[in-house]
Amino acid sequence: MVQLATEPVTVRIPEGELEGDLVVPPPAKAVVLFAHGSGSSRHSPRNRAVAESLQGAGFGTLLLDLLTPEEAKRDQRTHELRFNIELLAERLVPAIDELDRWEPTRGMPIGLFGASTGAAAALKAAVRRPDRVAAVVSRGGRPDLGGEALASVQAPTLLIVGGDDREVLNLNRQAAELLTALPLTDIKIEIVPHAGHLFEEPGALEKVTSLAADWFRTYLGAGVERPTGPSGGHWKPPEPRRRPPT
């Protein structure tokens with residue numbers, strides 16, 4: 001794979017600055033923002049591996065720390081912030097706004113890729129920027145922690161879970177039932193056989209990347225000629241089958 005240039009970026013927030021790594025391959029038509037969770041950071045080897053594969057598939061990527069350096073140090077001692085879903089979601093929103101302002105990504109459809117608790121934060125952020133977030137993918141995530149916000153998610157959502165991660169799989173199934181604002185065709189759970197929570201088994205992470213790339217390719221329109229809205233809004237498929245009223 002051709003080595004792509006990484007641009008260090010910062011997202012300003014009231015508490016300071018969030019550090020990120022932005023990569024935009026020349027043919028990119030869409031960008032994926034990563035939401036880390038449970039004490040992880042933009043240096044997560046698993047998310048970096050997924051990001052590199054998505055770059056190869058023609059997507060821009062933004063790997064972003066959701067805590068300031070000072071907060072990260074404190075959280076290493078106390079673990080008090082990594083499960084603060086509301087805080088993590090609040091950090092994603094200005095990052096989404098910055099992607100609209102930065103020249104390399106301005107107007108691009110945006111996808112969110114959330115891992116662990118970052119999946120819940122991604123879904124909450126998608127609710128707050130429904131016109132900009134075109135799709136969400138969760139890897140071994142805890143979307144159930146999104147709470148009442150799940151009922152307002154409008155971005156097509158893919159939940160990827162390891163087949164051996166049974167407790168998290170059950171929680172993902174419960175969360176999928178709460179995504180009531182979405183058509184049934186825009187919600188999917190993909191189970192990676194024999195994979196655990198971290199997808200460390202041979203071929204497991206590659207399967208995650210393939211599933212994510214297909215989902216983003218469908219809903220972000222990257223790599224194919226599909227119309228977008230006049231302000232860069234995401235392409236939507238023809239009228240899908242909708243969830244029956246309850």
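Quick note: residue numbers are just sequence positions, from 1.
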Checking [X] side chain against [Y] main chain: does a donor-acceptor pair fall under 3.5 Å?
X	Y	value
Glu201	Gly196	yes
Thr78	Gln76	no
Asp65	Arg42	yes
Ser152	Val127	no

Could you tell me whether [X] and [Y] have a side-chain N and a carboxylate O separated by less than 4.0 Å?
X	Y	answer
Asp21	Arg48	yes
Glu15	Arg91	yes
Glu71	Lys73	no
Arg46	Glu206	no
Arg106	Asp100	no
Glu98	Arg101	yes

Salt bridge (Lys or Arg N to Asp or Glu O under 4.0 Å) pairs touching residues 143-167, sequence neighbours excluded, are Arg142-Asp144
Taking all non-hydrogen atoms of both residues into account, name the closest pair between Gly141 and Asn172 and its distance.
O-ND2, 3.1 Å
So, do [X] and [Y] sit near enough that their side-chain heavy atoms are less than 4.5 Å apart?
X	Y	value
Asp97	Arg129	yes
Val24	Thr105	yes
Leu182	Thr157	yes

Within this structure, what is the [atom1]-[atom2] distance for the pair [X] and [Y], rounded to the nearest 0.5 Å?
X	Y	atom1	atom2	result
Thr6	Leu22	OG1	CG	8.5 Å
Leu169	Ile160	CG	CD1	13.0 Å
Leu159	Leu123	CG	CG	7.5 Å
Asn84	Glu90	CG	CD	7.5 Å
Thr180	Ile187	OG1	CD1	8.0 Å

Full working for side-chain hydrogen bond (donor to acceptor under 3.5 Å, both in side chains) between Gln55 and Thr61
CA-CA 7 Å; Gln55 293 156 19; Thr61 64; 2.8 Å; yes
Kindly assign one of parallel, tilted or perpendicular to the pair Trp215 and Tyr219, based on the angle between their ring planes and the thresholds 30° and 60°.
tilted
